[in-house]
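Have a look at this one.
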Amino acid sequence: MTADTITPAEADEPLRPSERASAGRTVGRAPGRGPIPLLVIKPPARWAPFRLKELWEFRDLVRRFAARDITLRYRQTALGVIWVVLQPLLAAGVFSFVFGQVAGFEETGIPYFVFAYAGMLGWNLVNSTLSKFSGSLLGNAGLVSKIFFPRLALPLSTLGSTLLDFLVSAAMMGVILAISGVAPGLAIVLLPVWMLLALLIAGGIGLMAGALTVKYRDVGYVMPVLTQILLYATPVAYSLARVPESAERWVKLNPLTGVMEGFRWSLLDVARPEAGALASSVIAAVVLFLAGATVFTRMERQFADVI
């Protein structure tokens, strides 16, 4: 925001429309105290998906929100950070039994448990981002209704704990690979790319869901159901090669298909993801995140009134 200083005589004059639209002005002078500031908070532009300058000005607040999120996540828990490792381990164990033993899925040269854990590593990054972004506004309703700050700071601040959880789970992935004798190939250098695509896709959907949940609480009930459906519609516990030809093209349209295949390619040195699935993931990541940020920004002015 900017501020302009005017004389006392100018302070008595009515403001022109262009002056009323300014971010801030200084009106009049107090005896012996200098200019009296007047801060005018203007609504964001209707079609501006990002206000990077404003977010940068509130970067300290984002850091404090992120530190609070990390602290509260494990406060008063007996196992603490162990839960980060325990959750994907249990899920991989269940998938190993259901898909590996009951359904008879096998991956050449790779224990199915390792295959399933690699998929859960990528999925948990998506699921955590999606759930935290979509619930960030309602979880901080008191702040949203009483204090002015860029609302986008709330969902973005949750990325700190999400990435910390991912790093802990990735460290366990390294231990599992060492024990099982599976070595990643050169594609491991592309792992940050799959992480970025996963964050963009989940973040875009989460921003839209979070903004809509403020006004329509039904979205909060629908999201867990859709997330569960998305888990089984995405090649997490199975590879794209296992999908029947009749359904393969529909699975490829899922933007997370290329991401999950990329995770396993980088971690397990399996077959490279198909170009069609990768193209779908890249395009969807950009479109969904821009769409989510635009919806969030357009609805932001209503948050304090309806939350």
Side-chain angles (χ1 to χ4, degrees), residues 62-97 110-136 139 153-185 187-203 205-206 223-224 227-228 230-231 234-237 256 259-270 285:
V62 176
R63 284 197 293 263
R64 288 185 178 272
F65 281 158
R68 181 199 61 172
D69 188 51
I70 294 173
T71 302
L72 293 180
R73 178 166 172 76
Y74 303 110
R75 178 178 292 179
Q76 295 181 336
T77 58
L79 298 180
V81 75
I82 297 178
W83 284 114
V84 179
V85 177
L86 195 59
Q87 291 172 355
L89 283 175
L90 292 176
V94 172
F95 284 151
S96 296
F97 174 74
I110 300 175
Y112 190 82
F113 179 85
V114 180
F115 179 87
Y117 187 90
M120 286 305 303
L121 183 65
W123 171 254
N124 282 345
L125 181 64
V126 172
N127 185 44
S128 179
T129 304
L130 184 57
S131 62
K132 290 180 181 179
F133 269 44
S134 61
S136 60
L154 287 173
L156 291 181
S157 66
T158 64
L159 288 176
S161 60
T162 298
L163 292 176
L164 178 61
D165 291 353
F166 179 84
L167 291 176
V168 174
S169 299
M172 177 55 67
M173 181 82 245
V175 174
I176 294 174
L177 291 177
I179 295 175
S180 60
V182 178
I188 189 66
V189 299
L190 295 176
L191 185 61
V193 175
W194 317 128
M195 292 174 58
L196 178 61
L197 291 177
L199 291 174
L200 290 176
I201 294 172
I205 299 174
M223 285 305 298
T227 302
Q228 195 69 20
L230 187 61
L231 169 62
T234 303
V236 175
L256 292 175
V259 176
M260 294 300 117
E261 293 286 288
F263 265 97
R264 283 193 286 262
W265 178 39
S266 293
L267 294 171
L268 307 178
D269 198 23
V270 293

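Keep in mind that this is a model prediction, so the values were computed, not measured. Starting from 1, each residue takes its place in the sequence as its number.
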Pairs of donor and acceptor atoms involving the side chains of residues 170-180, under 3.5 Å and at least two apart or interchain, shall be tabulated with distances.
unit_1	atom_1	unit_2	atom_2	d
S180	OG	I176	O	2.8
S180	OG	L177	O	3.3

To the closest 0.5 Å, what do you measure between CZ (R63) and CZ (R68)?
15.5 Å
Taking side chain as C-beta onward, heavy atoms only, is V182 less than 4.5 Å from P111?
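A side-chain contact exists here, since the closest heavy-atom pair is under 4.5 Å.
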Mind checking what makes side-chain contact (heavy atoms from CB on, under 4.5 Å) contact with S131, not counting sequence neighbours?
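For S131 there are no side-chain contact (heavy atoms from CB on, under 4.5 Å) partners, ignoring immediate neighbours.
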Please identify each residue that fulfils side-chain contact (heavy atoms from CB on, under 4.5 Å) with N127, with sequence neighbours left out.
W123, T227
Is any side-chain heavy atom of I201 closer than 4.5 Å to a side-chain heavy atom of L256?
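Yes, their side chains come closer than 4.5 Å.
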Separation between CG (L200) and CD1 (I205), nearest 0.5 Å, reads 11.0 Å
What pair of heavy atoms forms the shortest contact from L130 to S134, and how long is it?
O-OG, 2.9 Å
Flag the pair I70 / S161 as yes when at least one side-chain heavy-atom distance between them is below 4.5 Å, and no otherwise.
yes
Starting at CG of D165, measure out to CG of L121 and round the result to the nearest 0.5 Å.
11.0 Å
Nearest heavy-atom pair of A116 and F95: which atoms, and what distance?
CB-CB, 4.1 Å
Partners meeting side-chain contact (heavy atoms from CB on, under 4.5 Å) with L156 (sequence neighbours left out):
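In terms of side-chain contact (heavy atoms from CB on, under 4.5 Å), with neighbours along the sequence ignored, L156 is linked to L55, F133, L152, L159.
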List the atom of F65, the atom of A153, and the distance in Å for their closest heavy-atom pair.
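Answer, listing the atom of F65 first, then A153: CD1-O, 4.3 Å.
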Value rounded to 0.5 Å, distance of CG in L90 from CE in M120
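It comes to 10.0 Å.
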Shortest non-hydrogen contact between A118 and L267, atoms and distance:
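Closest approach of A118 to L267: CB-CD1, 4.1 Å.
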Restricting to side-chain contact (heavy atoms from CB on, under 4.5 Å), what partner residues turn up for V189, sequence neighbours left out?
none
If you look only at pairs with a residue in residues 259-268, which of them pass as a side-chain hydrogen bond (donor to acceptor under 3.5 Å, both in side chains), with sequence neighbours excluded?
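Qualifying pairs: W194-S266, E261-R264.
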When rounded to the nearest 0.5 angstrom, what distance separates CE in M195 from OG1 in T162?
10.5 Å
Apply side-chain contact (heavy atoms from CB on, under 4.5 Å) to residues N124 and F166 and explain how you reach the verdict.
CA-CA 8 Å; N124 282 345; F166 179 84; over 6 Å; no
Grab the two heavy atoms, one from V126 and one from A198, that are nearest each other, plus how far apart they are.
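Minimum heavy-atom separation between V126 and A198: CG2-CB, 3.7 Å.
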Quick one: are L199 and L163 in side-chain contact, heavy atoms under 4.5 Å?
yes
Show the numbers, then the answer: is there a side-chain contact (heavy atoms from CB on, under 4.5 Å) between Y117 and S96?
CA-CA 9 Å; Y117 187 90; S96 296; over 6 Å; no
Determine whether more than 12 heavy atoms belonging to other residues, nucleotides or ligands lie under 6.0 Å from atom CZ of R64.
no
Taking all heavy atoms of L197 and all of A285, pick out the closest pair and write down the distance.
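The answer is CD2-CB, 3.8 Å.
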